Asks: 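Handing you this structure, nothing more for now.
Side chains included, hydrogens not; waters and symmetry mates left out as well; all remaining heavy atoms used. Values in this document were obtained by computation on a predicted structure and should not be read as measured data.
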Amino acid sequence: MDTRLSFSRHPLLVLLGTIAALSGTRSPVAAAGRSCADTRQVYAEKGYSTGTAPLTQISGEHLRLCPQDYTCCSSQMEETLALQSERDFLKAVEDNSQFLLTTFTQRHRRFDEFFRELIDLSEKSMNQMFTKTYGRLFTQNAHVFQELFVELRRYYSGGSVSLTEVLSDFWSRLVERVFSLVNPQYLFTEDYLECVSKHAEQLQPFGDVPRKLRVQVSRAFIAARALSQGLATGRDIVNKATKLTADSECVRGLMRQWYCPLCRGVPSLRPCHSLCLNVMKGCLANQADLDTEWNNFIDALYQVSEKLEGPFNMELAADSISVKVSEAIMHMQENSVTISTKVFQGCGNPRPAPGRSKRSPKESGGNRRPFRTYSPEEKPTTASGTNLDRLVTELKERLRPMRGFWVSLPHTICSDEKMAADVTNEERCWNGQTRGRYLPDVTGDGLVSQVNNPEVEVDIAKPDVRTRQLIMELRVGTNKLRHAQSGQDIDFMDSEEGSGSGGGDHGERYNDDWPGYGPYSPPHNNPPRNPASNPAKPPRVRERNGSKWNRNNGRARSTCSQLTSSLFPLFSLPFMVTLALMWR
């Protein structure tokens with residue numbers, strides 16, 4: 001056929017071809033015949049069948065999400081890729097939040113193991129030291145100390161336990177035993193020892209040691225528990241916040257930016273950076289609203305960890321329990337004459353004790369060995385091979401980059417070269433319709449700012465219920481951490497505010513002229529305590545004559561008058577001689 005004749009018969013076709021060649025664009029005829037080989041290859045690499053994939057571009061009138069131009073996607077392919085875009089989005093959120101989840105999970109486990117081991121080591125150290133020093137006299141009364149550590153563990157584990165009450169009960173039981181020991185010539189009844197115990201605050205038989213120990217132990221345990229619970233809260237918040245479900249508008253935006261270029265036949269074209277930001281900010285609008293409370297929570301965690309490095313050091317508090325108990329007993333022994341005189345005046349003269357049989361030196365605590373303390377250089381670590389300073393330093397390093405995580409998450413995802421084009425590549429990127437610059441502005445952060453988001457339609461009048469719940473959980477966690485920074489347990493704000501140095505805070509102060517009341521002190525009028533305030537606390541049982549650890553007016557009372565006592569001052573030769581003579 002004559003070529004010139006053919007051109008002359010179809011002048012319009014020649015004109016269109018000439019214009020297309022000069023302009024560099026494709027004519028509808030050329031577009032309709034363009035190969036979809038690249039699209040089919042990428043689609044197959046994702047594990048999908050190419051059975052419904054066109055070999056060449058077809059009309060896009062059937063498309064619901066992508067521009068209805070000539071396309072390499074069938075309706076089934078578009079639906080499949082929309083689901084794939086949602087999976088890609090959820091995986092991107094999960095991958096970028098893995099640092100948070102791993103940090104909270106691992107740090108919580110390490111701190112929890114460490115704190116529990118500190119309590120175990122403190123109890124073990126006391127048992128070993130007191131057993132070597134006092135022998136059977138300690139082992140016969142070891143339950144007094146065992147119960148102290150049981151209650152400390154229950155408190156740390158989140159039990160409804162008041163540290164003030166725990167320590168008050170301990171000193172009340174201890175004062176009875178030591179008072180009986182320093183006055184072996186008398187036989188004391190339960191009522192008599194109760195009189196001694198409930199006036200311990202005024203007598204201060206242990207000096208200022210109980211107050212110092214209460215302050216040190218309370219601050220350390222409150223901070224340790226708050227940090228452990230805070231790390232668990234952070235872990236749970238991240239778990240909940242990253243368990244997303246993308247709504248239809250979010251999926252539309254995800255599909256348009258990530259897989260519409262594939263349908264257009266240019267699978268290598270990445271969405272423009274600003275387009276990606278708008279889509280992500282629309283899809284993550286509720287998570288961005290966590291930002292303020294999240295930052296407050298992270299700051300509170302950081303500050304509590306700093307407290308544990310300094311004045312609320314859990315290691316020092318655990319190590320000090322044995323030492324301070326020994327100091328308290330020494331103070332009572334050295335002032336036993338003055339204390340006993342006041343007690344005899346206030347509670348009356350006790351009955352003389354019957355003759356005592358001689359005990360062997362071994363039974364009476366012979367072969368005493370001094371209590372060894374460790375210098376900072378040789379201070380042992382726990383079985384995990386670490387110490388508190390190291391744990392806190394590692395935690396603080398991981399907490400710093402967590403601030404602003406939720407508002408920065410869209411930027412983090414869009415900075416991935418697999419997710420979006422580089423911010424400097426504004427001309428050679430997918431703008432939602434074709435290759436070229438993305439013109440709309442990037443929206444702000446949070447739900448309210450999405451009112452003008454051009455890519456994702458967000459209902460700003462319908463806040464996410466789960467997000468509101470997470471905000472409340474963050475506020476509660478922050479509140480607990482902030483109270484812990486000042487040594488306060490928010491669960492026991494009333495009961496933790498100060499106590500006396502002897503028997504603890506008994507709810508009233510006694511007059512200086514207390515001994516003038518006669519043989520027994522006046523009734524101890526405590527305000528009634530709600531019995532349900534501490535439902536998990538088990539009843540205490542005393543061993544002597546099967547008597548119970550009574551609670552008068554809801555307050556723990558000492559009713560034991562057992563004459564054997566395991567504790568007396570270390571390195572006090574006069575007291576050792578007194579004990580030896582006592583058993584002759």
Asks: Going by atom types alone, do Glu45 and Gln41 pair a side-chain donor with an acceptor below 3.5 Å?
Replies: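 The answer is yes; a qualifying pair exists.
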Asks: Any donor-acceptor pair under 3.5 Å linking the side-chain atoms of Thr102 with those of Gln106?
Replies: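 No, Thr102 and Gln106 have no side-chain donor paired with an acceptor closer than 3.5 Å.
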Asks: Do Ser125 side-chain atoms and Ser122 backbone N/O form a donor-acceptor pair below 3.5 Å?
Replies: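 No: the side chain of Ser125 does not pair with the backbone of Ser122.
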Asks: How far apart are the C-alpha atoms of Glu426 and Cys272, what are their side-chain angles, what is the distance that settles it, and do they pass the side chain to side chain contact (heavy atoms under 4.5 Å, CB included) test?
Replies: CA-CA 6 Å; Glu426 298 181 353; Cys272 296; over 6 Å; no
Asks: Could you go through Arg154 and Glu151, starting from their C-alpha distance and side-chain angles, then the distance that decides it, and tell me whether this counts as salt bridge (Lys or Arg N to Asp or Glu O under 4.0 Å)?
Replies: CA-CA 5 Å; Arg154 288 184 61 237; Glu151 294 300 299; 3.0 Å; yes
Asks: Got a sec, which residues hit side-chain contact (heavy atoms from CB on, under 4.5 Å) with Phe312, two or more places apart in sequence or on another chain?
Replies: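 Arg219, Ala223, Lys307.
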Asks: Are Val392 and Phe111 side-chain neighbours, meaning at least one heavy-atom pair lies under 4.5 Å?
Replies: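 SC-SC contact between Val392 and Phe111 confirmed.
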Asks: Within the distance-only criterion (no hydrogens, no angle test), does the side chain of Arg235 pair as donor or acceptor with the backbone N or O of Arg107 below 3.5 angstrom?
Replies: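 No; judged by distance alone, with no hydrogens or angles, the pair does not exist.
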Asks: Which residue is it: Thr39, Thr80, Asp88? I am looking for the one with a side-chain hydrogen bond (donor to acceptor under 3.5 Å, both in side chains) to Tyr259.
Replies: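 Running side-chain hydrogen bond (donor to acceptor under 3.5 Å, both in side chains) over Thr39, Thr80, Asp88 with Tyr259 returns exactly one hit, Asp88.
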Asks: If only side-chain N and O atoms count, and only distance matters, is there a donor-acceptor pair under 3.5 Å linking Arg482 with Gln485?
Replies: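 Side chains of Gln485 and Arg482: no pair found under 3.5 Å.
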Asks: Could you check whether any side-chain N or O of Arg252 sits under 3.5 Å from a backbone N or O of Arg64, counting only pairs where one atom can act as donor and the other as acceptor?
Replies: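 Answer holds: yes.
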Asks: Can I get a per-line list of side-chain donor-acceptor pairs under 3.5 Å for residues 411-421, giving both atom names and the distance, sequence neighbours left out?
Replies:
| residue | atom | partner | partner atom | Å |
| --- | --- | --- | --- | --- |
| Thr412 | OG1 | Ser408 | O | 3.0 |
| Ser415 | OG | His411 | O | 2.6 |
| Asp416 | OD1 | Lys418 | N | 3.0 |

Asks: For the pair Trp406 and Trp294, name the ring-plane relationship: parallel under 30°, tilted 30 to 60°, perpendicular over 60°.
Replies: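 Ring orientation of Trp406 relative to Trp294: perpendicular.
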Asks: Is the CD atom of Glu473 crowded by more than 12 outside heavy atoms at less than 6.0 Å?
Replies: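 Yes, the 6.0 Å shell around CD holds more than 12 heavy atoms from other groups.
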Asks: Quick one: pull up CZ in Arg34 and OG1 in Thr56 and give me the separation to the nearest 0.5 Å.
Replies: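 Between atom CZ of Arg34 and atom OG1 of Thr56 there are 11.5 Å.
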Asks: Among Cys260, Cys263, Cys73, find the residue that satisfies the disulfide (SG to SG under 2.5 Å) test when tested with Cys66.
Replies: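 For Cys66, the disulfide (SG to SG under 2.5 Å) test succeeds with only one of Cys260, Cys263, Cys73, which is Cys260.
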Asks: Determine whether Arg466 and Asn286 make a side-chain contact, defined as any pair of heavy atoms from C-beta on separated by less than 4.5 Å.
Replies: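 They are not in contact (no side-chain heavy atoms under 4.5 Å apart), so the answer is no.
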Asks: Hey, does Val144 have a side-chain heavy atom less than 4.5 Å from the side chain of Leu148?
Replies: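 When only atoms from C-beta onward are counted, Val144 and Leu148 do not touch, as no gap falls below 4.5 Å.
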Asks: Do the side-chain N and O atoms of Asp299 and Gln303 include a donor-acceptor pair separated by under 3.5 angstrom?
Replies: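 No, Gln303 and Asp299 have no side-chain donor paired with an acceptor closer than 3.5 Å.
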Asks: Asn295 versus Met402: any side-chain heavy-atom pair under 4.5 Å?
Replies: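 Not in contact.
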Asks: A quick test of your reading: do over 12 heavy atoms of other residues, nucleotides or ligands sit less than 6.0 Å from CZ of Arg468?
Replies: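 It does: Arg468 CZ has more than 12 such atoms within range.
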Asks: What's the separation between atom CG in Asp112 and atom OG in Ser157, rounded to the nearest 0.5 Å?
Replies: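 Nearest 0.5 Å value for the CG-OG distance: 7.5 Å.
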Asks: Specify the closest pair of heavy atoms between Ala484 and Val304, including all atoms of both residues, with the distance to one decimal.
Replies: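 So the two residues come closest at CB-CG2, 4.4 Å.
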Asks: Checking Arg225 against Tyr155: charged group under 6.0 Å from the ring centre and within 45 degrees of the axis?
Replies: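 Yes, Arg225 sits over the ring of Tyr155.
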Asks: Compare every heavy atom of Asp291 with every heavy atom of Phe405, then report the nearest pair and how far apart it is.
Replies: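 Heavy-atom minimum between the residues: N-OD1, 4.5 Å.
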Asks: Any non-hydrogen side-chain atom of Asp441 less than 4.5 Å from a side-chain atom of Asn278?
Replies: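 When only atoms from C-beta onward are counted, Asn278 and Asp441 do not touch, as no gap falls below 4.5 Å.
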Asks: Is the shortest side-chain heavy-atom distance between Leu254 and Gln257 below 4.5 Å?
Replies: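 Yes - at least one pair of side-chain heavy atoms lies under 4.5 Å apart.
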Asks: Does any part of the side chain of Leu152, heavy atoms only, come nearer than 4.5 Å to the side chain of Val217, both counted from C-beta?
Replies: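 Result yes, sub-4.5 Å side-chain heavy-atom pair found.
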Asks: Flag the pair Arg40 / Leu55 as yes when at least one side-chain heavy-atom distance between them is below 4.5 Å, and no otherwise.
Replies: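 In short, these two side chains touch, coming nearer than 4.5 Å.
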Asks: Looking only at heavy atoms, what is the nearest atom pair of Cys72 and Leu262, with distance?
Replies: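 Closest pair (atom of Cys72, atom of Leu262, distance): CB-O, 4.4 Å.
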Asks: Could you name each residue pair satisfying side-chain hydrogen bond (donor to acceptor under 3.5 Å, both in side chains) that touches residues 447-456, not counting sequence neighbours?
Replies: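 side-chain hydrogen bond (donor to acceptor under 3.5 Å, both in side chains) check on residues 447-456 returns Tyr438-Glu455, Thr443-Gln450, Gln450-Asn453.
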Asks: Quick check: are there more than 12 heavy atoms from other residues, nucleotides or ligands sitting under 6.0 Å from NZ of Lys124?
Replies: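 It does not: Lys124 NZ has 12 such atoms or fewer within range.
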